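A short worksheet on the structure shown next.
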Amino acid sequence: MKKRFFLAVLLVLLVLAAAFALLVSGVLPFELPFEISLELPEISIELPFDLPFNLPFLTQEEETEVGETVAIYRVASEDASDGSDLICIETCSQPEEDSLIDGVLTLFASESGADGMACALPEGVTIESWTLEKAVVSLTFSESFLDLTDMEQTVAAFCAALTLCALDEVESVTVIAGEETVFSGLMTEDALLRDTDTDPYVRQLRLYFADGDGRYLISEYHSLTLDEDTSPERYVLEELLRGPNNGELQQTIPEGTELISCQTTDGICTVNLSEEFYVNRPDTAAGERLAVYSIVNSLTSLSQVDSVIILVEGEALESYVYLSLADAFTKYNEVIGPVSESQGEIDADLYLALPGLEDIAPLPFRVNLSDYQSQAEAVLQALLAAAEPGYPSLFSGSGTVTDLVVSNGACTVSLSQSFFASLTEEARTAAIRSIAATLCALDEINSVLFTIGGSEAIFDGTDWSGPWTAETLG
């Protein structure tokens, strides 16, 4: 019965609306001999169901257009910060630029128009460029970004990531400065929204674990509540031993390793680990590199740590796998991934001479590939410029190679006379094998032939010409 009543009311309303519209528009086929003036009372009807269309004469409020807006993440200015919320949001009108990301970044880099908010980019840091690929923005800051403190880098990077990730087409942000990837894959849920300088017991620690292929270190943030009796250094090491939260990352420290002690004095953090760190050590140069630098890069992310000394059962090891642990290590960025193809990087194995020059071993490197270079040229250039800590440097730079030609899988490398003359025979052997193995690791190259100034590579009675292949290199 109720349903019939409501349907009847609805039908009457629709008929009245149609008749009124015809009267107003004057489309009736005849003229009325009298004027009609209708004063309809205000009607307020609550229906127990939703209509699939709107009845405009039942709506008492006018619809107003609301302009599109964007959220720009700022930092609380010094006079407004209460020590808790470090990051705040300014709502701005959507920019009119053809590219929404361009417009948003322009607003992000500008001064705030709201009280109590300041630009998240420290003075002297600028946005150089950006690219968007598969919902990931690669954002490049000026090299001065690298001179910021760890906290300043974190706040600026997360403000940029939060601003960009608010756009529909962006899921994550990678932050680059100079040629270094500082933050990778930042997402909204990664953000740190508290000032850890004024609230020292809530800390977000940047830790480094191995990627799924065991080639590079990837940063991961762990938010921890510290107590007064435990140093941040110990928390970093305990979290490294516990392993990554991300299932796609891998543990780097050998199984069974325990932390005996750690102490920082004058910026040098001395870490003492149990014997398992040596007994269960990796068996490759790449694995050793990840194990050592996951500790070093994680600890040097703390503002109070500049370098790290690693001890095993209180002793400094002259040799771990290939590296000596006798000296202090500083942060090393070449081991940090991922490889950014959008920035023109390729993943390559560079074969470096091991300490002692007895052999060579491959180490992963992010190699920059420019538009005018072949892969062989870019990889060889990276090898000649490589300065891996703890490994001997055998090349003098660009003057080492005078020409490189690849044809039908064969690569001819012309070396300078001075290159041969500058090395001992032992170092010469290691250098030739290093170049040949690095080039033969590329899909496009099967063999390498050396020349000196276009002639056979004969020096001091030894023919170094080759051809060198993966088989002859062992």
Side-chain angles (χ1 to χ4, degrees), residues 138 174 176 178-185 206-220 240 244 246 248-254 281-298 300 320-323 329-355 359-370 373-395 430-431 433-445 448 470 473-474:
S138 295
T174 291
I176 301 163
E179 297 183 354
E180 176 185 339
T181 299
V182 186
F183 296 89
S184 179
R206 188 196 307 177
L207 309 179
Y208 288 91
F209 298 97
D211 61 20
D213 297 322
R215 293 181 63 80
Y216 298 96
L217 293 177
I218 304 296
S219 63
E220 180 179 77
L240 284 177
N246 185 342
E248 296 182 358
L249 301 181
Q250 300 182 63
Q251 173 66 274
T252 59
I253 299 178
R281 66 191 183 280
D283 57 2
T284 65
E288 170 189 52
R289 189 193 202 199
L290 295 178
V292 170
Y293 282 104
S294 66
I295 296 173
V296 174
N297 286 2
S298 296
T300 53
Y320 185 47
V321 181
Y322 301 109
L323 287 175
F329 289 87
T330 57
K331 184 177 181 179
Y332 186 47
N333 294 317
E334 291 293 340
V335 71
I336 299 173
V339 176
S340 178
E341 294 181 1
S342 63
Q343 295 296 313
E345 291 182 345
I346 59 174
D347 184 14
D349 282 324
L350 303 186
Y351 281 75
L352 303 185
L354 295 173
D359 204 352
I360 58 175
L363 288 174
F365 275 81
R366 296 179 290 111
V367 174
N368 290 309
L369 179 63
S370 62
Q373 281 182 314
S374 67
Q375 282 201 8
E377 290 170 334
V379 167
L380 182 55
Q381 179 180 322
L383 175 66
L384 300 180
E388 184 76 10
Y391 286 73
S393 179
L394 303 177
F395 306 109
R433 297 186 71 229
S434 174
I435 294 174
T438 297
L439 292 172
C440 284
L442 299 176
D443 293 337
E444 62 188 276
I445 296 176
V448 177
L473 289 165

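Computed from a predicted model, the values in this text were never measured in an experiment. When reading the values below, keep in mind they use all heavy atoms of this one structure, side chains included, and skip hydrogens, waters and symmetry mates.
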Side-chain donor-acceptor pair present, E180, N333, cut-off under 3.5 Å: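 Yes - a donor-acceptor pair under 3.5 Å links their side chains.
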Is there a donor-acceptor pair under 3.5 Å between the side chain of [X] and the backbone N or O of [Y]?
X: R366; Y: S340; answer: no
X: E345; Y: N368; answer: no
X: S298; Y: Y208; answer: yes
X: Y216; Y: F365; answer: yes
X: Q251; Y: A210; answer: no
X: E288; Y: Y322; answer: yes
X: E220; Y: F209; answer: no
X: S434; Y: A430; answer: no

In the structure I gave you, are the side-chain heavy atoms of [X] and [Y] within less than 4.5 Å of one another anywhere?
X: L363; Y: Y391; value: yes
X: V321; Y: D283; value: no
X: P364; Y: D349; value: yes
X: P338; Y: D211; value: no

Restricting to non-hydrogen atoms, name the atom on [X] and the atom on [Y] that form the minimum distance, rounded to 0.1 Å.
X: L290; Y: T252; result: O-CB, 3.8 Å
X: P389; Y: L323; result: O-CD2, 3.5 Å
X: C440; Y: A470; result: SG-N, 4.3 Å
X: L442; Y: A376; result: CD1-CA, 3.6 Å
X: L369; Y: S374; result: CD1-O, 3.6 Å
X: R281; Y: P254; result: CA-CG, 4.0 Å

Residue E341 excluded, over 12 heavy atoms near CD under 6.0 Å: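 No, CD of E341 has 12 or fewer neighbouring heavy atoms, counting only those of other groups under 6.0 Å.
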Any chance you could measure [X], atom [atom1], to [Y], atom [atom2], to the nearest 0.5 Å?
X: L350; Y: L439; atom1: CG; atom2: CG; answer: 10.0 Å
X: R433; Y: L394; atom1: CZ; atom2: CG; answer: 12.5 Å
X: I295; Y: L240; atom1: CD1; atom2: CG; answer: 7.0 Å
X: D213; Y: E248; atom1: CG; atom2: CD; answer: 10.5 Å
X: E334; Y: L217; atom1: CD; atom2: CG; answer: 12.0 Å
X: Q250; Y: I218; atom1: CD; atom2: CD1; answer: 11.0 Å

Worked verdict on T330 versus T300 for side chain to side chain contact (heavy atoms under 4.5 Å, CB included): CA-CA 7 Å; T330 57; T300 53; 5.8 Å; no
Side chain to side chain contact (heavy atoms under 4.5 Å, CB included) between I336 and S219, worked out: CA-CA 8 Å; I336 299 173; S219 63; 6.0 Å; no
Parallel, tilted or perpendicular, as decided by the 30° and 60° cut-offs, for the rings of F329 and Y293: perpendicular
Test side chain to side chain contact (heavy atoms under 4.5 Å, CB included) applied to V339 and I346, step by step: CA-CA 7 Å; V339 176; I346 59 174; 5.6 Å; no
Verdict with reasoning, L380 to T438, per side chain to side chain contact (heavy atoms under 4.5 Å, CB included): CA-CA 8 Å; L380 182 55; T438 297; over 6 Å; no
